[in-house]
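This report concerns only the one structure given below.
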Amino acid sequence: MWSRRNILAALTGALAAGTLGGCGFRPLYGRSGGADLSTILSQVEIGPVRNTTTDGRGVARVGQQLHNALLDGLSPRGPRGEQIYRLVVTLDESIASLAVQKSADATRADLSLSSSFTLMDLRTGAQLYTGNSRATSSFNILNSEFATLMAEKGARDRAVRQLGDDIRLKVAIFLKSNPDKR
C-alpha cells in the first residue's frame, strides 16, 4: 500500500531528476565525449610539492604527504596512458593559538595549510588552470609535549588529506568543464 509519504517522495524525486536534467547538470565522474574522468585524471603528473615554510618543524615531510595524497586521489591505480598534464603545487603551513588561559598558556591551536597550484599542459607548456586551496585542522595543546606533538601530527595529517581532496576536486571540475583543453 502506498502511503502519502511514499507518493510525495516519488514525486519529489521525479521532479528533481527532471529539473537537474533540464539545467545541464552532468555528474562529475560520468562519461562525456568517450573519455572517462578517472582516466583523464590519471594522466596528471604531480611535481614535487614546494614548501615555503622554513620553521623546521617537519614541514618538509608535509610536501611529500601532500604529493602522495594527490597521487592517491588523481590516479589510485597508477598512470594510464601518456602523462599529458603536470600539477605544480606550493605549500605553506601556519599554526595559530586559539584558546589561552589566564596564565597565557595556549590550550588549543589551529594548523592551517594553504597552497597554490598550477595545471600545465606538458605538450605545449601552457598554464591551463591556477588555483588556491586551504585546509584548517585544530588540535589540543596538552601538558605532555609528546601528546601535543602527536595531536599536531594528527591535525597535520587531516589537513593534508583535506587539501589533497580539494585540489583533486578543483582539477577534476576544470578538466571536466573544459574538454577542449584535453
Side-chain angles (χ1 to χ4, degrees), residues 28-29 32 35-99 106 108-141 145-146 148-182:
L28 182 61
Y29 287 98
S32 68
D36 176 16
L37 185 61
S38 62
T39 301
I40 295 166
L41 290 176
S42 73
Q43 296 172 332
V44 177
E45 171 186 297
I46 298 136
V49 177
R50 190 169 60 95
N51 296 315
T52 59
T53 306
T54 58
D55 62 1
R57 288 193 327 249
V59 178
R61 187 166 182 282
V62 179
Q64 180 184 8
Q65 286 177 303
L66 181 58
H67 181 271
N68 291 342
L70 288 168
L71 274 176
D72 290 344
L74 292 171
S75 54
R77 294 185 201 115
R80 287 186 262 168
E82 175 189 2
Q83 299 289 288
I84 299 173
Y85 309 101
R86 181 175 180 90
L87 185 63
V88 179
V89 181
T90 302
L91 179 66
D92 186 39
E93 177 183 316
S94 64
I95 296 179
S97 297
L98 293 177
R108 190 130 176 98
D110 267 353
L111 183 139
S112 296
L113 294 178
S114 57
S115 70
S116 59
F117 58 92
T118 303
L119 184 67
M120 301 177 72
D121 187 330
L122 287 174
R123 298 167 291 196
T124 64
Q127 290 185 2
L128 301 175
Y129 177 65
T130 58
N132 295 302
S133 195
R134 185 175 177 87
T136 302
S137 185
S138 298
F139 65 96
N140 289 328
I141 299 173
E145 188 174 335
F146 178 74
T148 300
L149 286 174
M150 290 297 101
E152 183 178 331
K153 180 186 178 305
R156 188 174 286 114
D157 292 345
R158 289 188 305 274
V160 164
R161 277 194 311 273
Q162 183 182 357
L163 193 65
D165 287 346
D166 190 52
I167 292 171
R168 176 188 51 80
L169 184 61
K170 288 178 178 180
V171 168
I173 290 170
F174 171 79
L175 290 173
K176 182 75 171 195
S177 302
N178 296 287
D180 57 315
K181 304 287 184 183
R182 298 189 285 215

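Since the model is a prediction, treat every value here as computed from it, not as a measurement. Just so it is clear, the values below take in all heavy atoms, side chains as well, and ignore hydrogens, waters and symmetry mates.
- In this structure, OG on Ser133 lies 9.5 Å from CG on Leu169, to the nearest 0.5 angstrom.
- At least one side-chain heavy atom of Glu93 sits less than 4.5 Å from a side-chain heavy atom of Arg156.
- For Arg86, the salt bridge (Lys or Arg N to Asp or Glu O under 4.0 Å) partners two or more places apart in sequence, or in a different chain, are Glu45.
- For the atom pair Leu66 CG and Asn68 CG, the distance stands at 9.0 Å (nearest 0.5 Å).
- To the nearest 0.5 Å, atoms CG (Asp92) and CZ (Arg50) are separated by 10.5 Å.
- Residues Arg108 and Ser138 share a closest heavy-atom pair of NH2-CB, 3.2 Å.
- The only member of Leu122, Ile84, Leu87 that meets side-chain contact (heavy atoms from CB on, under 4.5 Å) when paired with Val44 is Leu87.
- Applying side-chain contact (heavy atoms from CB on, under 4.5 Å) to Ile46 and the options Ile167, Val88, Leu71 leaves one that passes, Leu71.
- Counting heavy atoms from C-beta on, the side chains of Leu70 and Val171 never come closer than 4.5 Å.
- Between the OH atom in Tyr129 and the OH atom in Tyr85 there is a gap of 14.0 Å [rounded to 0.5 Å].
- Asn132 CG to Thr90 OG1: the interatomic distance, rounded to the nearest 0.5 Å, is 10.0 Å.
- The main-chain N or O of Gly154 is found under 3.5 Å from a side-chain atom of Arg158 such that the two form a donor-acceptor pair.
- Residues Phe139 and Ile95 meet the side-chain proximity criterion, which asks for heavy atoms closer than 4.5 Å.
- Here the shortest heavy-atom pairing between Ala151 and Asn140 reads CB-O, 3.8 Å.
- Annotation: salt bridge (Lys or Arg N to Asp or Glu O under 4.0 Å) contacts of Asp72 (sequence neighbours excluded): none.
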Only pairs under 3.5 Å count here: list side-chain donor-acceptor contacts from residues 112-120, not counting sequence neighbours, and write none if there are none.
| from | atom 1 | to | atom 2 | distance (Å) |
| --- | --- | --- | --- | --- |
| Ser112 | OG | Thr136 | OG1 | 3.3 |

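- In this structure, Leu163 CG and Gln65 CD are separated by 11.5 Å, a value rounded to the nearest 0.5 Å.
- Annotation for Gln83 and Ser42: closest pair NE2-O, 3.2 Å, computed over non-hydrogen atoms.
- A salt bridge links Asp166 with Lys170: at least one charged nitrogen is closer than 4.0 Å to a carboxylate oxygen.
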Chi angles and distances behind the side chain to side chain contact (heavy atoms under 4.5 Å, CB included) call for Asn178, Leu128 | CA-CA 10 Å; Asn178 296 287; Leu128 301 175; over 6 Å; no

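- Note on Asp157 versus Lys153: salt bridge recorded, some NZ/NE/NH1/NH2 to OD/OE distance being below 4.0 Å.
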